[in-house]
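Some notes on the structure that comes next.
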Amino acid sequence: MRAKVRRGWACGRDSDTIREDNSLNVRLVAAAVWAVVKRRDTEHFGKVLEFLQIVHQQVPDLVFYRHHAKLCAGLKGKLVLDMFEKMRCPLDILKVLDNLFPEVLPDDPFAAPHDLWKVGQCYQEFRNFTFRLIRDDKFRTHYLQNALATFRHVSSADMFGGPTTND
């Protein structure tokens with residue numbers, strides 16, 4: 001059976017015909033998500049986060065809650081730091097920060113109380129760090145020139161243990 005499937009951000013075409021096979025669809029989306037992360041294409045990290053949330057809700061035992069939370073926190077953190085690099089308005093950064101790193105975590109039935117506490121601590125530390133970046137011009141300038149510049153020069157091979165290619 002063949003069906004028209006709308007392909008959005010993941011494939012770069014308006015529509016195409018592919019088999020209506022859920023495992024194939026999941027593999028295609030997973031490959032697209034991996035490509036976005038590998039390229040560090042922060043413009044689409046929101047979609048990556050959506051995909052991770054859906055997978056976590058549908059198959060909660062696939063990855064430990066703490067690992068899922070760490071991965072999501074890293075992507076969210078990169079989204080916020082990217083706003084600093086792009087010199088976005090501090091109010092816009094604070095809005096995104098409140099959305100991605102809420103002061104009170106929503107309950108997750110798959111998380112142990114200790115894991116929720118640890119993730120909450122991580123979120124609070126990142127919030128404090130972001131507030132300092134906003135308040136302290138000297139700290140922000142130093143961080144953007146040194147820490148983020150160093151990260152930009154780390155290759156995908158260094159991060160993911162493979163050759164750097166634009167697949």
Side-chain angles (χ1 to χ4, degrees), residues 8-11 22-23 25-86 88-136 139-140 143-144 146-162 164 167:
W9 67 276
C11 299
N22 287 336
S23 65
N25 293 341
V26 170
R27 285 185 292 180
L28 285 172
V29 173
V33 164
W34 173 245
V36 167
V37 172
K38 191 174 178 183
R39 283 190 322 261
R40 299 181 199 160
D41 188 358
T42 56
E43 180 182 336
H44 297 296
F45 275 14
K47 294 287 186 185
V48 173
L49 287 164
E50 285 179 39
F51 175 74
L52 292 173
Q53 281 304 115
I54 290 168
V55 170
H56 176 67
Q57 290 169 353
Q58 297 296 317
V59 192
D61 294 334
L62 185 63
V63 177
F64 289 115
Y65 171 78
R66 194 180 309 174
H67 296 166
H68 166 76
K70 280 175 130 177
L71 178 59
C72 289
L75 292 169
K76 292 174 182 180
K78 181 59 180 153
L79 280 171
V80 172
L81 294 176
D82 192 54
M83 293 181 79
F84 281 103
E85 284 187 282
K86 293 178 179 175
R88 296 285 166 82
C89 169
L91 288 176
D92 291 340
I93 294 171
L94 288 173
K95 287 177 188 174
V96 170
L97 181 70
D98 285 339
N99 184 36
L100 296 177
F101 293 91
E103 288 188 64
V104 178
L105 282 177
D107 284 335
D108 189 320
F110 308 109
H114 181 72
D115 288 341
L116 285 173
W117 179 82
K118 285 189 90 160
V119 172
Q121 291 294 109
C122 170
Y123 276 30
Q124 190 56 50
E125 289 286 326
F126 188 79
R127 289 177 63 84
N128 292 339
F129 175 72
T130 303
F131 294 146
R132 184 170 178 201
L133 285 172
I134 290 171
R135 278 192 322 266
D136 189 339
F139 178 73
R140 180 177 59 251
Y143 183 79
L144 290 173
N146 296 315
L148 284 181
T150 301
F151 179 73
R152 262 186 249 109
H153 296 298
V154 175
S155 72
S156 296
D158 294 336
M159 289 177 62
F160 304 114
T164 305
D167 300 333

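Looking at every heavy atom in both residues, I134 comes nearest to R140 through O-NH1, 3.1 Å. When all heavy atoms are compared, the tightest approach of L100 to Y123 is O-CE2, 3.7 Å. A pairwise comparison of heavy atoms in L116 and L105 identifies O-CD1, 3.4 Å as the closest pair. Taking both residues in full, the closest heavy atoms of V37 and F45 are given as CA-CE1, 4.1 Å, listed atom of the first, atom of the second, then distance. In this structure, R127 and L97 approach most closely via the heavy-atom pair NH1-O, 3.9 Å. Taking every heavy atom of both residues into account, L79 and G46 meet most closely at CD1-N, 4.4 Å.
Going from atom CG of L94 over to atom CE of M83 covers 9.0 Å, rounded to the nearest 0.5 Å. Once rounded to the nearest 0.5 Å, the distance linking NZ of K95 with CZ of R88 reads 13.0 Å. In this structure, Q53 CD and C72 SG are separated by 5.0 Å, a value rounded to the nearest 0.5 Å. To the nearest 0.5 Å, the span separating CG on L81 from OG1 on T42 amounts to 10.5 Å. Atom SG of C122 is separated from atom CZ of R66 by 11.5 Å, given to the nearest 0.5 angstrom. In this structure, CD on Q57 lies 11.0 Å from CG on L52, to the nearest 0.5 angstrom.
Taking the six-membered ring for Trp and the full ring otherwise, the centers of Y143 and F129 sit less than 6.0 Å from each other.
Around CD of Q58, the count of heavy atoms belonging to other residues, nucleotides or ligands within 6.0 Å does not exceed 12. Around CZ of F64, the count of heavy atoms belonging to other residues, nucleotides or ligands within 6.0 Å does not exceed 12.
Ring orientation note: the planes of H68 and H56 are close to parallel, at an angle under 30° on the 30°/60° scale.
Side-chain contact between N128 and Q124 is present, with at least one heavy-atom pair separated by less than 4.5 Å. Using a 4.5 Å heavy-atom cutoff, the side chains of F101 and T130 are not in contact.
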